[in-house]
Amino acid sequence: MSMSNSLKKLSSCVLIDLDGTLINTDGVVSDILRKYLSKYGKQWDGREALKIVGKTPLEAATTIVEDYGLPCGVDEFNSEFYPLFSAQMDKIKSLPGANRLIRHLNGHGVPMALASNSSRANIESKISYHQGWKECFSVIVGSDEVSKGKPSPDIFLEAARKLNKDPGECLVIEDSVPGVLAGKAAGATVIAVPSLPKQTHLYTSADEVINSLLDLKPEKWGLPPFQDWIENTLPIDPWRIGGPVIKGFGRGSKVLGIPTANLSTKDYAEELVEHPSGVYFGWAGLATRGVFKMVMSIGWNPYFNNTEKTIEPWLLHDFTEDFYGEELRLIIVGYIRPEANFPSLESLVAKIHEDREVAEKALDLPSYAKFKDDPYLTK
Ligand code: ADP
Ligand code: RBF
Ligand code: MG
């Protein structure tokens with residue numbers, strides 16, 4: 001972040017973490033722990049995730065047994081937890097942008113290593129559910145293959161050694177604080193992609209902190225640029241969501257002059273957790289009014305520092321009245337930028353108007369325009 005361009009090292013290979021960076025292991029782990037802990041009369045507190053992210057299996061287990069005061073040893077916990085976890089491994093989804101990143105780097109012949117605090121055997125099982133991944137990594141290093149896991153640099157040093165690269169030539173991509181520390185200690189360039197929201201401040205030692213893999217710009221680090229952006233937008237797998245329009249924070253039109261038709265977040269809470277925050281666009285359908293272009297934010301609105309992740313769609317049309325309670329259908333087809341904070345309300349508003357222009361123009365491109373006729377929008 002603070003590194004000036006003249007100091008910036010160029011990378012020739014990528015060392016990438018698995019859990020929380022390429023796959024959403026956290027979701028499955030939380031599900032299992034929720035059920036498991038309830039047997040002991042304890043309630044899984046999502047906040048615990050912060051404490052175990054990036055830890056070795058042994059450290060994570062120790063933390064849970066201690067924090068919840070479980071009447072069992074760490075070994076016993078592990079012998080109960082791992083069979084449950086293995087049975088659910090096939091349900092661990094790749095994170096948005098992970099497939100795209102792996103295919104891009106592999107397609108350009110960039111050497112890649114998987115470097116994880118998980119055990120070698122577990123890494124292999126987890127990636128076996130993701131087609132074509134294994135072949136893309138010429139090296140895999142687990143914490144059981146070195147003397148110390150992250151935050152010690154050993155895993156990354158070993159991965160670099162096996163790739164025949166100097167650690168200084170490696171770009172590390174990591175979601176966890178221990179992982180970032182390990183990468184820096186190894187002498188690599190480190191990009192942090194925090195897997196838990198609102199934690200950016202903990203990642204000060206990273207060379208850059210990005211919001212999701214969608215924001216990675218490989219060319220900044222000497223690697224081939226992505227070529228799939230079209231007119232300042234990135235096509236995504238279309239996401240369809242809908243429901244009755246509800247009352248929001250009551251400030252869209254009042255404070256910003258930009259009304260946003262809010263949807264209840266309960267109906268698709270799980271999907272919303274998985275969806276990276278940011279500014280997106282697509283098409284919006286209202287059964288009795290028609291289909292309209294739409295630009296929206298997903299997230300915590302950093303300028304207002306909300307505690308809840310919300311969806312804020314601005315329909316690009318002048319309506320003469322409110323439409324609270326009406327069924328709103330959205331197809332989100334592309335990504336524009338991460339959410340940001342702004343020094344003033346005027347600059348936030350100006351940026352949102354810029355987003356609107358980007359969206360309006362992009363939605364005329366055939367690849368985005370075709371979704372206008374999707375039957376989902378009007379039922
Ligand atoms: P709230 O905080 O309740 O969402 P807003 O000030 O954001 O209030 O206004 C949103 C409401 O304004 C929507 O629910 C909808 O009924 C109405 N509205 C009018 N024009 C638009 C538009 N172009 N896009 C979105 N909502 C609009
Ligand atoms: N809020 C932010 O704090 N930061 C942003 O970068 C941001 N971008 C937005 C982009 C679009 C296209 C829209 C419609 C809204 C955005 N907002 C952003 C959210 C805005 O603050 C929100 O609509 C109001 O807070 C209304 O509740
Ligand atoms: Mg609103």
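We count ligands from 1, going down the list as the structure has it; atoms in each ligand are counted the same way.
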> Identify the heavy atoms of Leu22 and Phe137 that sit nearest to each other, and give their distance.
CD1-CZ, 4.0 Å
> Provide the number and element of each atom of ligand 1 under 4.0 Å from a heavy atom of Asn262.
4 (O)
> Of the side chain and backbone of Arg337, name the one, both, or neither that has a heavy atom under 4.0 Å from an atom of ligand 2.
side chain
> Can you check side chain to side chain contact (heavy atoms under 4.5 Å, CB included) on Glu174 and Val193, steps first, answer last?
CA-CA 6 Å; Glu174 258 292 347; Val193 197; over 6 Å; no
> Near Phe249, which atoms of ligand 1 are under 4.0 Å from a heavy atom of that residue?
2 (O)
> Nearest protein heavy-atom contact for atom 22 (C) of ligand 2: which residue, which atom, what distance?
Asn301 ND2, 3.7 Å
> For atom 17 (C) of ligand 1, find the nearest protein heavy atom and state the residue, atom name and distance (0.1 Å precision).
Asp322 OD1, 3.5 Å
> Examine the side chains of Ser12 and Glu169 and answer whether a donor and an acceptor come within less than 3.5 Å of each other.
yes
> Please confirm whether Leu315 comes within less than 3.5 Å of ligand 1 when only nitrogen or oxygen atoms on both sides are compared.
yes
> Where is the nearest protein heavy atom to atom 27 (O) of ligand 2: which residue, which atom, and how far?
Arg251 NE, 3.3 Å
> Please work out, at 4.0 Å between heavy atoms, whether the side chain, the backbone, both, or neither of Phe249 comes within that distance of ligand 2.
side chain
> May I ask whether Lys351 has any heavy atom positioned less than 4.0 angstrom from an atom of ligand 2?
no
> What are the two closest non-hydrogen atoms of Pro224 and Val110, and how far apart are they?
CD-CG2, 3.9 Å
> For Ala340, take its heavy atoms, then give the atoms of ligand 2 lying under 4.0 Å from any of them.
2 (C), 3 (O), 4 (N), 5 (C), 6 (O)
> Can Glu360 and Arg356 be counted as an ion pair, charged N to O under 4.0 angstrom?
yes
> Which ligand 1 atoms, with their elements, are less than 4.0 angstrom from a heavy-atom of Ser253?
5 (P), 6 (O), 9 (O)
> What atoms of ligand 1 come within less than 4.0 Å of a heavy atom belonging to His317?
23 (N)
> Which protein heavy atom lies closest to atom 11 (C) of ligand 1, and at what distance to 0.1 Å?
Tyr324 OH, 3.6 Å
> Suppose we measure from atom 10 (C) of ligand 1 to each protein heavy atom; which comes out shortest, and what is that distance?
Thr260 O, 3.2 Å
> Heavy-atom pairs closer than 4.0 Å: do any link ligand 1 to the side chain of Phe319, the backbone, both, or neither?
side chain
> Is the positively charged end of Arg251 above the ring of Phe304, judged by distance under 6.0 angstrom from the centroid and angle within 45° of the axis?
yes
> Kindly confirm or rule out an N or O of Glu321 lying under 3.5 angstrom from an N or O of ligand 1.
no
> To check you understand the geometry: which heavy-atom pair defines the closest contact between Ala61 and Phe77, and what is its length?
CB-CD2, 3.7 Å
> Considering both backbone and side-chain atoms of Gly248, is one of its nitrogen or oxygen atoms within less than 3.5 Å of a nitrogen or oxygen in ligand 1?
yes
> Just heavy atoms, cut-off under 4.0 Å: does Glu312 contact ligand 1 by side chain, backbone, both, or neither?
neither
> Passes side chain to side chain contact (heavy atoms under 4.5 Å, CB included), Leu157 versus Val146? Steps please.
CA-CA 10 Å; Leu157 292 175; Val146 295; over 6 Å; no
> Please compare Trp300, Phe304, Phe281 and report which has the shortest non-hydrogen distance to atom 21 (O) of ligand 2.
Phe304
> Looking only at heavy atoms, which two atoms of Tyr203 and Ala192 are closest? And how far apart?
CD2-CB, 3.5 Å
> Would you mind running through ligand 2 and noting each atom that sits below 4.0 Å from a heavy atom of Glu339?
6 (O)
> Relative to Phe281, does Lys293 satisfy both conditions: NZ or CZ under 6.0 angstrom from the six-membered ring centre, and within 45 degrees of the ring's axis?
no
> Side chains of Glu59 and Thr56 only: does a donor on one sit below 3.5 Å from an acceptor on the other?
yes
> Can you list the atoms of ligand 1 that are under 4.0 Å from a heavy atom of Lys247?
3 (O)
> By side chain to side chain contact (heavy atoms under 4.5 Å, CB included), which residues pair with Asn262, not counting sequence neighbours?
Ile246, Thr260, Glu312
> Atom 19 (C) of ligand 1: which protein heavy atom is closest, and how many Å away?
Phe323 CE2, 3.9 Å
> Taking the basic N atoms (NZ, or NE/NH1/NH2) and the acidic carboxylate oxygens, is any pair closer than 4.0 Å for Lys184 and Asp207?
yes
> In this structure, is the centre-to-centre distance between the rings of Phe319 and Phe292 below 6.0 Å?
yes
> Quick one: look at Val245 and ligand 1, take heavy-atom pairs under 4.0 Å, and tell me if it's side chain, backbone, both or neither.
side chain
> Which atoms of ligand 2 sit under 4.0 Å from any heavy atom of Glu312?
14 (C), 23 (O), 26 (C), 27 (O)
> Would a single hydrophobic cluster contain both Phe226 and Ile230, if residues Ile, Leu, Val, Met, Phe, Trp and Tyr are joined by side-chain heavy-atom contacts under 4.5 Å?
no
> Do the charged groups of Glu274 and Lys93 touch, with an N to O distance under 4.0 Å?
yes
> Nearest heavy atom to atom 21 (C) of ligand 1 wins, so pick from Gly257, Pro244, Gly250, Pro259.
Pro259
> Tell me: protein heavy atom nearest atom 7 (C) of ligand 2, and distance?
Leu348 CD1, 3.7 Å
> Does the distance from a Lys or Arg side-chain N to an Asp or Glu carboxylate O, for Lys351 and Glu346, drop under 4.0 Å?
no
> If we only count N/O pairs under 3.5 Å, is Asp355 in contact with ligand 2?
no
> Identify, for atom 23 (O) of ligand 2, the protein heavy atom at the shortest distance, and state residue, atom and that distance.
Thr260 CG2, 3.5 Å
> Pro313 to ligand 1: N or O pair under 3.5 Å?
no
> Rounded to the nearest 0.5 Å, what separates atom CD1 in Ile32 from atom CD in Glu80?
12.5 Å
> Tell me which protein heavy atom sits closest to atom 17 (N) of ligand 2, plus the residue, atom name and distance to 0.1 Å.
Ser297 OG, 3.7 Å
> At the Mg ion (ligand 3), what angle lies between atom OD1 of Asn262 and atom O of Thr260, rounded to 10 degrees?
80°
> Ignoring angles and geometry beyond distance, decide whether Trp314 reaches within less than 3.5 Å of ligand 2 through its nitrogen or oxygen atoms.
no
> Look up atom CG in Leu171 and atom CE in Met112, then write down how far apart they are to the nearest 0.5 Å.
12.0 Å
> Distance alone, cut at 3.5 Å: any donor-acceptor contact between the side chains of Tyr82 and Asn122?
no
> Does Ile352, backbone or side chain, put an N or O under 3.5 Å from an N or O of ligand 2?
no
> Relative to the heavy atoms of Pro302, which atoms of ligand 2 are at a distance of less than 4.0 Å?
2 (C), 3 (O), 4 (N)
> Please report the interatomic distance CG(Leu286) to CG(Leu377), rounded to the nearest 0.5 Å.
10.0 Å
> Any idea which atoms of ligand 2 are less than 4.0 Å away from a heavy-atom of Phe342?
5 (C), 6 (O)
> Starting from atom 3 (O) of ligand 2, locate the nearest protein heavy atom and write down its residue, its atom name and how far away it is, to 0.1 Å.
Tyr303 N, 2.8 Å
> Where is the nearest protein heavy atom to atom 20 (C) of ligand 2: which residue, which atom, and how far?
Leu256 CD1, 3.7 Å
